[in-house]
Number of protein chains: 2
Amino acid sequence: MEKRHADIIAEELEERIFGGIYADGDRLDEVRLAEQFGVSRTPLREALQRLARSGLVELKPRRGAFVCQPGPVDLIEMFEVMAEFEAICGRLAARRISDAALADLHDANDKCQAAVQAQDPDSYYAENERFHKIIYRESGNSFLEAETSALHRRLQPFRRQQLRLRGRMAQSMKEHKDILTALEHGVSEAAADALRGHVAIQGEKFHSLMATLKNAAE
Amino acid sequence: MEKRHADIIAEELEERIFGGIYADGDRLDEVRLAEQFGVSRTPLREALQRLARSGLVELKPRRGAFVCQPGPVDLIEMFEVMAEFEAICGRLAARRISDAALADLHDANDKCQAAVQAQDPDSYYAENERFHKIIYRESGNSFLEAETSALHRRLQPFRRQQLRLRGRMAQSMKEHKDILTALEHGVSEAAADALRGHVAIQGEKFHSLMATLKNAAE
DNA sequence: CATTCAGTTTTTGTATACAAGAAAGTTGAC
DNA sequence: GTCAACTTTCTTGTATACAAAAACTGAATG
């Protein structure tokens with residue numbers, strides 16, 4: 001499948017915004033970016049339109065494109081919604097999950113455990129993501145799966161930081177255990193609650209992380 | 001706030017797709033639409049990009065834009081997610097709703113009741129929408145509010161037909177009552193359950209039937 | 001010293017022009 | 001008559017050109 005320039009540019013800009021290359025409120029100059037990418041303004045503008053739809057930049061008419069980094073309040077709200085999304089996936093998956101998927105979940109969880117013992121955050125991160133994606137999929141609702149994956153992706157850079165907190169991985173493994181047993185026994189509400197709590201904790205941790213950062217900055 | 005041509009065209013095309021002017025799979029010819037709107041291809045292409053981001057058209061590279069009407073399975077999935085979104089709003093709103101908003105809810109509900117007695121579906125529709133939007137807002141999470149409103153809007157044309165079902169409005173009023181009391185007493189789970197049930201249109205069995213059909217087809 | 005207003009400059013929004021790829025139509029061989 | 005390769009036409013993707021609106025400059029004025 002041939003990719004258009006606009007696609008590549010949109011992805012690259014998305015990476016940069018997620019990666020923090022651009023600060024909140026920065027103006028994205030069309031001509032400068034265009035010559036930087038070696039293309040004309042046309043595909044670049046298409047890319048900006050796309051980013052605007054995703055909420056990564058604000059497109060002020062006749063003014064230009066300004067990057068929209070989510071503030072602390074936005075992030076807390078998004079984490080709250082993420083927790084609820086995962087809870088929904090869990091509630092539905094508890095009723096619909098297949099045996100094969102349950103086996104996959106066990107496998108992902110075992111590899112998570114191994115990563116914890118090996119002190120390997122990257123591997124833990126990958127397997128943890130697989131664990132959650134399986135649950136999204138087993139919700140049996142591809143629309144929900146897409147929405148949840150999209151928000152997951154958007155929160156990815158912020159989630160990653162807080163994995164470094166001491167003891168988080170061990171605690172997370174306990175929560176995975178609860179999720180797994182709830183799914184195995186098909187107890188919808190337990191699965192939903194376990195997943196909501198599992199993700200909401202990340203949001204709260206993030207909250208305190210922000211607070212410490214803010215205090216440190218003062 | 002000055003609107004760009006691309007904005008107007010995107011809205012108009014969105015209306016047409018929602019309104020069923022274009023059937024699923026129709027190709028949207030750039031040059032024909034451009035001369036139809038009296039503009040060049042540039043703003044029209046921007047509009048198509050936006051519609052693609054919203055999932056209303058598929059943009060096949062070097063092939064053109066094709067409208068993507070959701071099929072029955074998609075609709076069931078989206079309605080299921082809508083029900084869960086509303087449930088989330090309800091759960092959060094039960095804990096966060098203000099007295100003023102509660103009064104507004106009562107007002108909207110009263111006007112709904114009046115519309116039912118007056119056999120006025122349009123008025124009912126408008127007040128019903130206000131009722132729900134208040135709950136979205138009182139979730140206290142503007143990100144959730146935006147996501148829920150977006151999905152609500154996308155499902156609007158399909159929801160409307162449903163209202164014509166005999167006795168639906170009366171039943172709906174009963175459910176509103178339950179939602180209202182749950183919110184008033186701050187009982188999160190009751191509010192969530194009431195809203196989920198209120199919005200869910202199809203039974204679980206039908207959904208899983210469709211899901212298995214879809215999986216079998218792959 | 002702040003302010004306002006005219007002129008300049010920059011930048012966006014749109015139109016047009018051009019190039020490359022895909023669909024369609026044609027010709028020729030079997 | 002059918003199928004395949006070639007050519008033609010059409011459509012998309014990209015570049016460039018132009019017009020209008022916003023930002024900037026700077027001097028004149030209260």
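In what follows, every heavy atom counts, from backbone to side chain, and hydrogens, waters and symmetry copies are set aside. Proteins come first, then strands; the chains are lettered A, B, ... in the order of their sequence lines, and each starts at number 1.
With the nearest nucleotide of DNA chain D identified for both A:Arg63 and A:Glu46, A:Glu46 has the one nearer the 5' end.
One atom, NZ of A:Lys60, and another, P of C:dT12, lie 13 Å apart when rounded to the nearest Å. Nucleotide C:dT11 holds its P atom 12 Å from the CZ atom of A:Phe66, rounded to whole Å. A straight line from CD1 of A:Ile9 to C1' of D:dA15 spans 13 Å, rounded to a whole angstrom. If you take CD of A:Gln49 and C1' of C:dT14, they are 13 Å apart, rounded to a whole angstrom. One can place CZ of A:Arg45 at 17 Å from P of D:dG13, the figure rounded to the nearest angstrom. The interatomic distance linking B:His5 (NE2) with D:dA19 (P) rounds to 16 Å, in whole Å.
B:Arg45 is linked by a salt bridge (charged side-chain N to carboxylate O under 4.0 Å, His left out) to A:Glu46, B:Glu30, counting only residues two or more places apart in sequence or in another chain. Every residue meeting the side chain to side chain contact (heavy atoms under 4.5 Å, CB included) condition with A:Val116, not counting sequence neighbours, appears here in chain and number order: A:Tyr124, A:Met169, A:Met173. When the salt bridge (charged side-chain N to carboxylate O under 4.0 Å, His left out) test is applied to B:Glu147, no partner is found at least two apart in sequence or on another chain. B:Arg95 meets the salt bridge (charged side-chain N to carboxylate O under 4.0 Å, His left out) test with no other residue; sequence neighbours excluded.
DNA chain D is contacted by A:Val39, A:Ser40, A:Arg41 of residues 21-41 of chain A, taking any non-hydrogen atom closer than 4.0 Å.
For residues 49-60 of chain B, the salt bridge (Lys or Arg N to Asp or Glu O under 4.0 Å) pairs, not counting sequence neighbours, are B:Asp7-B:Arg50.
Taking only side-chain nitrogens and oxygens, A:Arg62 never comes nearer than 4.0 Å to OP1 or OP2 of D:dA20.
Centroid-to-centroid, the aromatic rings of A:His106 and A:His176 stay 6.0 Å apart or farther.
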